[in-house]
Amino acid sequence: MSASRINLENSGTNPGRELDAVVVGAGFSGLYMLHRLRDVLGLEVRVYEAGDGVGGTWYWNRYPGARCDSESFYYSYSFSEELEQEWEWTSKYPAQPEILRYLEHVADRFDLGRDIQFCTRVTDAAFNETNDRWEITTDTGERISAQFFISAVGCLSAANVPEFEGLDRFEGSWYHTGAWPHDGVDFTDKRVGLVGTGSTGIQAAPVIAEEARHLTVFQRTPNFSTPARNGPLTPARSKEIKQNYREIRRLTRQTDGGFPYHPSERSALDFSREERNAIYEELWEEGGFKFMWGSFHDVLRDKGQTTPPLTSSAGRSGKP
Ligand SMILES: Cc1cc2nc3c(=O)[nH]c(=O)nc-3n(C[C@H](O)[C@H](O)[C@H](O)COP(=O)(O)OP(=O)(O)OC[C@H]3O[C@@H](n4cnc5c(N)ncnc54)[C@H](O)[C@@H]3O)c2cc1C
């Protein structure tokens with residue numbers, strides 16, 4: 001799909017359905033766009049979604065161990081104070097089914113479903129300069145004319161299946177984590193090979209290993225990964241978060257990557273090895289992204305003389 005292509009072929013022909021805005025994708029972004037454009041700006045909007053339900057990333061990625069790696073209290077919508085107060089997250093890093101339930105709840109609560117067309121893939125969008133409107137085509141043959149065209153297809157919705165030689169002759173079953181079967185996969189008594197040790201491979205390996213007879217993990221490039229220290233959100237912690245949401249959201253809007261932490265202003269090179277290790281140790285125990293953001297401002301960009309290089313496995317979040 002090319003959103004910027006100018007295609008005059010269609011001009012002058014029947015433009016099909018007329019809308020103010022077309023949004024592609026019903027994940028976190030598309031759902032919010034629909035709410036914002038329809039309920040706040042009063043536009044006539046339709047969302048087109050290839051899958052048969054809302055959720056985007058959280059609809060497709062149903063692999064064992066899938067969960068977010070930003071904490072739930074800031075990996076959530078900020079546009080409705082009522083929603084913030086009503087919804088109860090069960091853990092620091094909820095698993096995929098819980099995040100999907102959250103997005104389904106948002107769709108129901110804000111009555112979004114009536115303007116989402118599922119099982120429909122947008123195949124073409126061209127800007128017609130003669131009437132200043134987008135002409136959009138779907139794989140069901142529908143044609144729509146809209147003033148605004150918004151792509152909310154995310155950065156991970158096209159699965160990258162590597163061209164492994166012989167894959168077409170492989171007689172076992174194979175799966176891609178980004179398009180996991182909705183009924184799950186039974187690995188009992190199976191010999192399983194897992195390719196990749198990024199965020200997803202790290203999440204899936206221990207869960208598959210518990211079930212499978214044998215798991216072999218194929219690793220091209222080792223990643224550094226910090227422990228998440230996942231655990232239940234206690235009622236006291238949940239209450240504290242709910243009371244502080246305005247400040248949390250203010251911080252996420254002000255910091256690089258949208259984390260609600262005061263970024264560290266210290267340089268790792270101003271501390272002795274012992275002092276540095278004590279700081280790292282404390283954050284390691286706490287877990288999560290704070291190891292990067294709360295330790296030293298130069299931890300990701302200056303190898304220094306004595307500090308080992310550090311990278312994060314959280315690349316898929318689109319965060320630095
Ligand atoms: C396991 C996992 C954990 C993650 N954890 C985090 C995290 O902790 N923090 C973080 O910030 N990010 C995380 N991410 C990144 C995550 O993708 C984003 O946070 C977010 O969910 C993206 O939402 P989106 O609405 O922009 O796109 P998506 O959720 O990808 O939704 C795009 C939708 O567009 C649809 N679509 C695509 N093309 C078309 C088309 N042509 N026609 C119709 N529909 C189409 C797709 O079917 C999909 O439903 C994680 C990703 C994964 C896979």
Side-chain angles (χ1 to χ4, degrees), residues 1-3 22-36 46-78 89 91-100 102-104 106-107 112 116-125 134 136-140 142 144 149-160 176-180 182 196 198-205 207 225-226 228 230 252 255-260 287-290 292-293 312-320:
M1 185 180 70
S2 158
V22 159
V23 177
V24 193
F28 262 103
S29 316
L31 293 179
Y32 177 62
M33 281 311 295
L34 172 56
H35 166 69
R36 183 89 195 166
R46 194 146 184 88
V47 175
Y48 292 86
E49 166 57 57
D52 70 3
V54 300
T57 293
W58 303 102
Y59 169 92
W60 296 108
N61 284 265
R62 298 172 189 237
Y63 62 84
R67 60 178 72 248
C68 56
D69 36 27
S70 306
E71 288 180 57
S72 50
F73 74 90
Y74 60 91
Y75 191 60
S76 53
Y77 285 116
S78 59
W89 291 109
S91 56
K92 266 173 91 176
Y93 303 95
Q96 173 271 333
E98 186 171 343
I99 305 174
L100 183 58
Y102 171 74
L103 289 167
E104 287 169 347
V106 170
L112 301 177
I116 305 176
Q117 187 164 321
F118 295 107
C119 303
T120 310
R121 182 170 285 279
V122 168
T123 49
D124 195 78
W134 287 93
I136 296 135
T137 313
T138 70
D139 63 355
T140 54
E142 224 177 308
I144 311 111
F149 174 76
I150 293 125
S151 167
V153 301
C155 54
L156 302 169
S157 63
N160 172 21
H176 190 290
T177 51
W180 203 258
H182 287 204
S199 317
T200 294
I202 290 171
Q203 287 181 337
V207 186
S225 180
T226 55
N230 194 18
T252 55
T255 48
D256 290 353
F259 294 98
F289 279 108
K290 253 193 181 175
M292 276 192 316
W293 299 101
S312 160
S313 64
R316 62 163 171 224
S317 333
K319 308 222 185 246

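Each ligand, and each atom within it, is numbered from 1 in the order the structure gives.
- How far CG of Leu34 is from OG of Ser29: 12.5 Å, rounded to the nearest 0.5 Å.
- Donor-acceptor pairing under 3.5 Å is lacking for the side chains of Tyr75 and Asp69.
- Within the listing of ligand 1, atoms 53 (C) sit less than 4.0 angstrom from a heavy atom of Asn61.
- Heavy-atom proximity to atom 20 (C) of ligand 1, evaluated over Tyr93, Tyr75, Tyr32, Trp58, is greatest for Tyr75.
- Here Ser199 has no heavy atoms under 4.0 Å from ligand 1, in either its backbone or its side chain.
- Ring orientation note: the planes of Trp180 and Tyr63 are nearly perpendicular, at an angle over 60° on the 30°/60° scale.
- Residue Ser157 approaches ligand 1 through these ligand atoms, each under 4.0 Å from one of its heavy atoms: 30 (O), 37 (C), 46 (C).
- For the 3.5 Å distance criterion, the side chains of Gln203 and Arg67 fail to qualify, holding no donor opposite an acceptor.
- How far OH of Tyr32 is from OH of Tyr77: 9.5 Å, rounded to the nearest 0.5 Å.
- For ligand 1 and Gly25, the ligand atoms under 4.0 Å from any heavy atom of the residue are 33 (C), 34 (O), 35 (C).
- At least one N or O atom of Val122 sits closer than 3.5 Å to an N or O atom of ligand 1.
- Of all atoms in ligand 1, listed by their number and element, those nearer than 4.0 Å to a heavy atom of Arg67 are 3 (C).
- For Trp60, every heavy-atom contact with ligand 1 shorter than 4.0 Å involves the side chain, none the backbone.
- Both the backbone and the side chain of Phe28 come within 4.0 Å of ligand 1, judged by heavy-atom distances.
- Under the rule for a salt bridge (Lys or Arg N to Asp or Glu O under 4.0 Å), the partners of Lys290 that lie at least two apart in sequence or sit in another chain are Glu286.
- Only the side chain of Tyr63 comes within 4.0 Å of ligand 1, judged by heavy-atom distances.
- Close to ligand 1: Leu156, with a non-hydrogen atom less than 4.0 angstrom away.
- Relative ring orientation between Tyr59 and His182 is described as perpendicular, the plane-to-plane angle rising above 60° on a 0-90° scale split at 30° and 60°.
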**Asked** After noting the C-alpha distance and the side-chain angles of Trp293 and Thr255, does the key distance pass the side chain to side chain contact (heavy atoms under 4.5 Å, CB included) rule?
**Response** CA-CA 10 Å; Trp293 299 101; Thr255 48; over 6 Å; no
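- Heavy atoms of Thr120 found under 4.0 angstrom from ligand 1 belong exclusively to the backbone.
- Put simply, CD on Glu104 and CG on Leu112 are 12.5 Å apart, with the number rounded to the nearest 0.5 Å.
- Using a 4.0 Å cut-off to heavy atoms of Arg121, the atoms of ligand 1 that qualify are 38 (N), 39 (C), 40 (C), 41 (N), 42 (N), 43 (C).
- Distance check, rounded to the nearest 0.5 Å: CD1 of Ile136 to CG of Asp124 gives 9.5 Å.
- Between Tyr74 and Phe259, the two ring planes are perpendicular [angle over 60°; tilted spans 30° to 60°].
- Which of Glu71, Met33, Glu49 comes nearest to atom 48 (C) of ligand 1 through a heavy atom is settled by distance: it is Glu49.
- In Asp69, the parts holding a heavy atom less than 4.0 Å from any atom of ligand 1 are both the side chain and the backbone.
- Using a non-hydrogen distance threshold of 4.0 Å, Ala66 does not register as a contact of ligand 1.
- With Gly53, Ala26, Ala204, Ala50 as candidates, the residue nearest to atom 43 (C) of ligand 1 on a non-hydrogen basis is Ala50.
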